[in-house]
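So the structure is just underneath, and the comments pick up after that.
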Amino acid sequence: MPPPESSRLLKMIGCMQGFLYLSVLVTFAACNAPPVPLDDILIEKTFVPEQCARAVQVGDYVRYHYIGTFPDGKKFDSSYDRGTTYNVFVGKKQLIEGMDKALVGMCVNERSLVKIPPQLAYGKQGYGTIIPPDAILHFDVLLLDVWNPDDGVQTNTYHTPPVCSRKVEVSDFVRYHYNGTLLDGTLFDSSHTRMRTYDTYVGIGWLIAGMDQGLLGMCVGERRIITMPPSLGYGENGDGSDIPGQASLVFDVVLLDLHNPRDGITVTNQQVPESCTRTSVAGDFVRYHYNGSLLDGTFFDSSYSRNRTYDTYVGQGYVIAGMDEGLIGVCVGEKRTITIPPHLAYGEEGTGSKIPGSAVLVFDVHIIDFHNPADSTVVTVTSKPEECDVHTKKGDFVKYHYNASLMDGTPIDSTYNYGKTYNIVLGANQVVPGMEDGLMDMCVGEKRHLVIPPHLGYGERGVTGEVPGSAVLVFDIELVEMEEGLPEGYMFIWNEDVSPDLFAEMDKNEDKVVEPSEFTDYILQQVNDGKGRLAPGFDPYRIIDNMFSNQDRDGDGKITEAEFKLKADESAAHDEL
């Protein structure tokens with residue numbers, strides 16, 4: 001052992017106890033009994049760890065604490081008193097011969113009481129005034145660290161994820177959690193206590209060399225122990241605070257995230273519909289559901305939890321770049337997984353509490369529908385009668401059945417459920433514009449399949465509880481009956497020549513004015529007699545009231561002969577006689 005004033009020995013154990021040695025059992029009658037002559041060192045293992053991954057061999061470098069005492073219990077040296085371990089190579093004559101022998105075979109965290117005879121210590125010369133000649137020395141030794149100059153990084157994977165599509169390579173950027181300990185288990189750092197991952201590039205010198213090596217080949221979700229000698233850690237000087245010089249380091253690591261700055265998005269199709277007549281392009285408006293998670297499976301958001309689709313334009317910067325790209329080329333009904341590196345998502349900053357900085361994002365997406373603002377109603381004739389001579393036009397009164405659904409097949413409504421047709425006047429804005437388009441130029445008995453974009457349907461707002469906002473609509477329609485409408489601008493027409501005494505015929509009481517009741521009775525009589533027609537599909541009394549108001553120029557509630565004019569006599573077109 002080196003001179004005690006050089007401060008290099010181990011913690012003291014009192015001499016007033018018995019010692020069981022591996023080679024010899026010696027019982028002392030009292031602490032002040034005369035020393036028993038020793039031929040060799042005696043070792044009592046006072047604590048042996050359950051696991052011993054490695055035992056000291058000749059040529060290893062060790063760090064240990066010690067207390068040095070004489071057989072009477074008097075302390076002559078202690079590393080504890082100096083607050084630093086003793087660090088030395090074993091078997092290279094840097095220690096007294098007895099300690100060189102005693103350290104061989106020890107495990108980290110093992111504690112031994114070593115008794116060294118003078119011939120294996122300081123012999124007949126002793127050491128100055130501290131250790132007398134022929135002194136037996138006792139050392140209470142606690143081994144804290146062992147490594148060899150030939151050591152490299154050691155990795156031990158104790159959890160492997162079931163799926164590993166990619167492993168860490170040089171220049172990858174990783175996010176991981178770790179606990180860092182010395183070889184004896186002393187914790188010096190932990191990302192868990194900071195509640196934040198350690199985020200860094202691998203293999204380009206941003207980490208200590210041992211970690212740069214130890215992270216290579218890891219999968220997301222993998223857990224491994226990385227052990228490194230000080231030459232690949234913090235070397236001779238340590239880190240100046242928690243890591244002593246020449247310390248082996250042990251990192252318990254779980255990898256949470258992995259990407260490379262060169263990465264683009266990754267798209268994995270989970271389900272593609274058999275029929276896909278069109279795929280999305282830049283500029284389309286898409287409605288989709290999604291579940292969003294981090295690469296390690298940590299959930300951060302879902303449209304399902306809000307019971308509402310996410311609706312946006314694609315390819316125009318309304319969403320993160322990776323999603324903008326990942327939603328191009330999809331079919332309605334398709335399900336796909338889009339994996340997005342951080343530089344195409346939320347970057348180094350993340351979004352605060354939900355998405356950490358530099359996080360890879362995984363979106364499981366289900367496309368509900370999409371359209372383009374330039375889209376028109378898509379009309380597909382599914383059935384047509386052999387005789388189809390009369391076609392619908394603006395102003396016609398039509399009766400039809402329909403089944404309505406969303407693009408994903410969700411039913412909305414059906415006239416068949418009510419047992420009656422839906423009846424409208426074409427061109428009178430009684431239905432959405434897309435339905436107007438779909439019912440034009442149709443013959444009775446014809447069936448059509450209509451796809452109506454939202455701007456020709458119920459728009460961005462939809463119908464509360466029935467039609468979501470910005471939803472594409474699907475109608476299967478059948479025209480059951482139609483009645484020809486009147487020419488545009490007319491609510492009543494004559495089927496034959498107009499009587500030259502029209503005013504007189506209306507003025508039943510011959511008082512030179514036509515009362516509302518006289519006017520109404522006359523028009524209804526002409527319709528019943530087949531001499532005139534009212535516009536079909538409207539309330540006849542409202543039409544007649546409107547006609548009367550148009551003739552009652554001064555608004556006094558009656559029509560004089562001077563006020564009365566036929567529509568043919570009017571310079572401006574309006575709904576009159």
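Nothing fancy with the numbering, it's 1 onward along the sequence.
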Taking atom [atom1] of [X] as the centre, does the number of heavy atoms from other residues, nucleotides or ligands within less than 6.0 Å exceed 12?
| X | atom1 | result |
| --- | --- | --- |
| Tyr458 | OH | no |
| Glu496 | CD | yes |
| Tyr290 | OH | yes |
| Arg223 | CZ | no |
| Glu561 | CD | no |
| Asn307 | CG | no |
| Arg196 | CZ | no |
| Gln316 | CD | yes |

Could you check whether [X] pairs with [Y] (Lys NZ or Arg NE/NH1/NH2 to Asp/Glu carboxylate O, under 4.0 Å)?
| X | Y | answer |
| --- | --- | --- |
| Glu484 | Lys393 | yes |
| Asp172 | Arg262 | no |
| Lys558 | Asp511 | no |
| Asp441 | Lys394 | no |
| Asp252 | Arg224 | no |

Is it the case that the side chain of [X] and the backbone of [Y] share a donor-acceptor pair, with hydrogens and angles ignored and the cut-off at 3.5 Å?
| X | Y | result |
| --- | --- | --- |
| Asp212 | Gly205 | yes |
| Glu563 | Asp552 | no |
| His455 | Ser376 | no |
| Asp507 | Lys512 | yes |
| Glu466 | Val463 | no |
| Thr392 | Leu439 | yes |
| Asp324 | Gly317 | yes |
| Gln551 | Phe548 | no |
| Gln525 | Tyr522 | no |
| Thr197 | Asp199 | no |

Original post:
Stepwise, does the ring-ring contact (aromatic ring centres under 6.0 Å, His included) test hold for Phe300 with Tyr346?
Top reply: CA-CA 13 Å; Phe300 64 80; Tyr346 293 99; 7.8 Å; no
Subject >> Partner of Arg287 under side chain to side chain donor-acceptor pair (under 3.5 Å), chosen from Thr309, Thr312, Asp408 >> reply: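 It is Thr309, the one option of Thr309, Thr312, Asp408 that forms the side chain to side chain donor-acceptor pair (under 3.5 Å) with Arg287.
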Sub-6.0 Å ring centroid separation between [X] and [Y]:
| X | Y | result |
| --- | --- | --- |
| Tyr288 | Phe363 | no |
| His192 | His177 | yes |
| His401 | Tyr416 | yes |

Within a strict 4.5 Å, meaning less than it, do heavy atoms of the [X] and [Y] side chains meet?
| X | Y | answer |
| --- | --- | --- |
| Ile340 | Ile320 | yes |
| Val472 | Phe370 | no |
| Glu334 | Thr279 | no |
| Asp189 | Arg194 | yes |
| Ile328 | Val314 | yes |
| Thr410 | Ser405 | no |
| Leu502 | Gln526 | no |

**OP:** Would you please classify the geometry between the His343 ring and the His259 ring as parallel, tilted or perpendicular, with 30° and 60° separating the classes?
**Re:**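 Taking His343 first and then His259, their aromatic rings sit tilted (interplane angle of 30° to 60°).
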Side chains of [Y] and [X]: any donor to acceptor distance under 3.5 Å?
| X | Y | value |
| --- | --- | --- |
| Asp413 | Tyr418 | yes |
| Thr157 | Glu222 | yes |
| Asp364 | Asn291 | no |
| Ser171 | Asn260 | yes |
| Ser358 | Glu348 | no |
| Ser383 | Glu446 | no |
| Tyr400 | Asn423 | no |

